[in-house]
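Comments concern the structure below.
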Amino acid sequence: MIKATIVWFNKDLRLKDNLALIEAIASGNQIIPLFILDHRLKAMGGAQKWWLHHSLVELSESLIQRGSSLILRNGTPEAIISDIARTIQIDQIHWNQCYTPDVISRDQKFIQFCDQLGIQTNVHKGNLLFDPSDISTLKGEHYSVYTPFWNAIQKLQVEPNKPSPATLPPCPEMVSDNLSDWKLLPQANGWSENFKDWWRAGETAAQERLDLFLDESIDTYHKGRDLPGIDGTSCLSPYLHFGEISVRDVWHKVSLKRELTGLSDGCTTFLKELVWREFCAYLLFHNPRILNQNFRKEFDSFPWVQDSNHLQAWQKGKTGYPIIDAGMRQLWATGWMHNRVRMIVASFLTKNLLIHWRQGEEWFWDTLLDADQASNSANWQWVAGSGADAAPYFRIFNPILQSEKFDAKGDYIRRWVPELSHLSDKHIHAPFSQDPMVLKQGGVTLGQTYPFPIVDLSVTRARALAAYKTLKDV
Ligand code: FAD
């Protein structure tokens, strides 16, 4: 019987700085690169499935170029390993740790299963800078506030990243599913067809994206990151989520850039954002219930409102508030939304519409290419006020003021809400407050070409503040 080592790919669809792959090669056995579609885990959203399909194509090609191939199997890891073990002697299995609650409990059972079969399991550090169990306060407690967490991280050393292997041992002959049979690409409507105009999945594209960002945007990132009308951010989030680029790799390249150029503001602000990602994963690891429950228990009695019409208007980008509509349409068209606008639309949903953050989180889960259990739930709770280290409850973004401040010339709105594109920079942020002549000149007829606002901002702000005051200890 052939003796082989399995490298089990999860959220690490890359060859560079892939510890599981490196250690699997060191075993000296034949290597089986395996990806398992496990339906017992939280179901992926539609946008993520699109990304995964293309990412697996890219990974498969990279493996073939190095003399190996990717085996795709659909089912539980236990069933698949049992099946492979009928014809191949599996010596070891290596994988990089994922830190979400569903994966952690699956892996614990799987390790016991492998122990019974006499297969050695090796779990390596995953797609974070540090293992969440390695970081605690001086008192041995978990952090729940970002700034001390960031300070703690700065005292630690991020491990050096490792190069990709130039060649790989061949993969033994075996059955693999056909990727197209997994039907990850949407079948029914054309949604996501245009994603390919905006994105290219895979490790090569991830590295190119990082290099471009380092060349063109990082020096002004501390200012540009808040302006949705420009390419001021890295757009690395889907690549980081699927592990097509190692976060250690990103960390070291940005740190080196800071060292060599002295561009401290942009680089440091960017590193802080990477640590927000880390903080979200850390919070979820230590508090698994926050996936769908309030971090702050007092929010359990919050008087959320059920309103499917308002929810739909928000989802479709038809609220009558241009910056909100631009953001929601960008999300639908590209599978991504700018961070500043994510905060504005989330504040509008949870505070002006008083709709539960979980309904926003679910919509983002289905439509974001970077949808990530930890970052999505933590950020939604942060905006809603129910999260750890959350935004203060009285911070209710005014979408018009936000729009005037961060999209002053209306470039972002014009791109995503073209029916308003002929309004001037001054008038584009709040069409409903403009003189009818101004609207006519801009080709806008409220209620026909563009909706009236679905709610009044000052009335809903007062309603939200009253609702927050019903909570104890906010
Ligand atoms: P950059 O500004 O270039 O930042 C670099 C990286 O830092 C990002 O790729 C991301 O990995 C990380 N990062 C930046 N900001 C945050 C943040 N606030 N929280 C966590 N990580 C951060 N991000 C996700 O990756 N997945 C999600 O599901 C997600 N849901 C969100 C929901 C809401 C309501 C809000 C307000 C934010 C959410 N974010 C989420 C965080 C943030 O909006 C995105 O990470 C960012 O917009 C991605 O764009 P970028 O790669 O250009 O970011």
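Note that the numbering runs from 1 along the sequence shown for the chain. Order of listing sets the numbers, starting from 1, for every ligand and every atom in it.
For Lys316, the salt bridge (Lys or Arg N to Asp or Glu O under 4.0 Å) test picks out no residue, with sequence neighbours left out. Phe432 pairs by the ring-ring contact (aromatic ring centres under 6.0 Å, His included) definition with Tyr321, not counting sequence neighbours.
Judged purely by distance below 3.5 Å, without hydrogens or angles, the side chains of Asn18 and Asn96 pair a donor atom with an acceptor atom.
Looking only at side-chain heavy atoms (C-beta outward), Val254 and Leu214 come within less than 4.5 Å of each other.
Pocket lining of ligand 1, defined as residues with a non-hydrogen atom under 4.0 Å away: Tyr221, Thr233, Ser234, Cys235, Leu236, Ser237, Leu240, Phe270, Glu273, Leu274, Trp276, Arg277, Cys280, Trp336, Met337, Asn339, Arg342, Met343, Ala346, Phe364, Leu368, Asp370, Ala371, Asp372, Ser375, Asn376, Asn379, Trp380.
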Atom pairs and distances, side-chain donor-acceptor, residues 126-133, under 3.5 Å, sequence neighbours left out:
residue: Asp131; atom: OD1; partner: Ser133; partner atom: N; Å: 3.1
residue: Asp131; atom: OD1; partner: Ser133; partner atom: OG; Å: 2.5
residue: Asp131; atom: OD2; partner: Tyr99; partner atom: OH; Å: 3.3

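Separation of the Trp8 and Phe110 ring centroids falls under the 6.0 Å cut-off.
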